[in-house]
Protein chains: 2
Amino acid sequence: MKKTVITFGLLILSLLVLFQISKYAFVSGDLKIELVIAIVAIVFFIIGVYLNKRSLHQERLPEREIDLTKVKALDLSDREYEVLKEISLGLSNKEIGDKLFLSESTIKTHVSNILLKLNAKRRTQAIQIAKEMHIL
Amino acid sequence: MKKTVITFGLLILSLLVLFQISKYAFVSGDLKIELVIAIVAIVFFIIGVYLNKRSLHQERLPEREIDLTKVKALDLSDREYEVLKEISLGLSNKEIGDKLFLSESTIKTHVSNILLKLNAKRRTQAIQIAKEMHIL
DNA sequence: ATCCGTCTCATACTAAAGTACCAAAATGAC
DNA sequence: GTCATTTTGGTACTTTAGTATGAGACGGAT
């Protein structure tokens, strides 16, 4: 909300400044009126694009872009997060072990810890929870 | 590509039109120069917002909605698809059975058929495959 | 040096998941 | 009505998944 007020304030301010410049240019005759209008047009075009991108970017953030901050907040270790990603790819414990050059026992330990930390009962639920938190 | 050319053509055209209007207004003295600049600013601001929204909208399209056509193509029956959705929510066979008022045996049968039709070895893999096909 | 956290692995166990095979009831098409 | 498909459910069995517990190795912090 504060940012919106600030940006719109700056927008109005720049508009007034352009008014003054144009008036001065008109009186002094240094600048041609076409040039002033062209500059105004370009500047406001860019402002429009920029503001729009900002607002749309905020809308899009919820979808996509993994939030690694939350991984730390959940106390998930590097290995655990790595295993979590493999789980979401649909691999079995055995397959994950082979892929990461670890024993199945190790993967089971990691999986158990993941389920505890994500508060999930099953690996499928862990996937769902992780995706909801934008960790995957 | 064609649309881009057309929109930029119209953009340049409107710029020229505004030049003419401003020049005419300047000569005739009907319009104040501030007003002309303000109109130019507003118009190009709107154009900027509009063009940006259009281009960003196209980027977002690829993440589309569920494709029910492919559900049929995979030979998934209504019940099977329903069970598949519950699996992706992380529910166990027992829980799915309770939710849909069916026995666990029935769910197991459905799950086995789903795995066959999706060519998956595990339910986690089925989730991954289904999401890749935009079925979930 | 000691403590802490992570990573590793093992054994033993329980609980789900998944397969195979069968079969009855319901549904809709012909 | 007959036929094919779907839906439902069961038994018996194998395979994964997940829990509990313990323990050695290793690196970083105090």
_Give me the atom names and distance for the closest heavy-atom approach of B/Leu74 to B/Leu118._
CD1-CD2, 3.5 Å
*Between A/Arg122 and A/Leu115, what is the shortest heavy-atom contact and its length?*
O-CD2, 3.4 Å
*In whole angstrom, what separates A/Asn113's CG from D/dA20's P?*
11 Å
_Tell me the interatomic distance from B/Leu76, atom CG, to D/dT6, atom P, rounded to whole angstroms._
11 Å
*If you take all heavy atoms of A/Thr124 and B/Thr124, which pair is closest and at what distance?*
CG2-CG2, 3.7 Å
For nucleotides 9-16 of chain D, tabulate all protein N/O to nucleotide N/O atom pairs closer than 3.5 Å, reporting atom names and distance.
unit_1	atom_1	unit_2	atom_2	d
D/dG9	OP2	B/Ser103	N	2.9
D/dG9	OP2	B/Thr106	OG1	2.9
D/dG9	O5'	B/Thr106	OG1	3.3
D/dG10	OP2	B/Ser103	OG	3.4

*asked:* Rounded to whole Å, how long is the line connecting atom CG of A/Leu91 with atom P of D/dG18?
replied: 13 Å
*For B/Arg123 and D/dG18, what is the distance between atoms CZ and P respectively, to the nearest whole Å?*
10 Å
*Output yes when at least one side-chain N/O atom of B/Arg79 is less than 4.0 Å from OP1 or OP2 of D/dT6, else no.*
no
*Whole angstrom is fine here: how far is it from CG in B/Leu116 over to C1' in C/dC21?*
14 Å
_On DNA chain D, does the nearest nucleotide to B/Thr124 precede the nearest nucleotide to B/Lys117 from the 5' side, or the other way round? Give the residue._
B/Lys117
*Give a yes/no answer on whether the side chain of A/Ser112 brings an N or O atom under 4.0 Å of OP1 or OP2 in D/dT19.*
yes
_Protein-nucleotide distance (A/Ile127, atom CD1; D/dA17, atom C1'), rounded to Å_ = 13 Å
*Verify the contact: side-chain N or O of B/His110 to OP1 or OP2 of D/dT7, cut-off strictly under 4.0 Å; return yes or no.*
no
*Tell me: CD1 of B/Ile107 to P of D/dT7, nearest whole Å?*
12 Å
*Identify which one of A/Lys117, A/Lys85, A/Lys72 satisfies the salt bridge (charged side-chain N to carboxylate O under 4.0 Å, His left out) criterion when paired with A/Glu80.*
A/Lys117
*Could B/Glu82 and B/Arg79 be called an ion pair, given the rule that one side-chain N must be under 4.0 Å from one carboxylate O?*
yes
*asked:* I need the CG-P distance between B/Leu100 and D/dT8, as an integer number of Å.
replied: 8 Å
*Heavy-atom distance under 4.5 Å between the side chains of B/Lys131 and A/Lys131, does that happen here?*
yes
*Decide yes or no on side-chain contact (heavy atoms from CB on, under 4.5 Å) for B/His110 and B/Glu86, but give the supporting numbers first.*
CA-CA 12 Å; B/His110 287 319; B/Glu86 301 297 339; over 6 Å; no
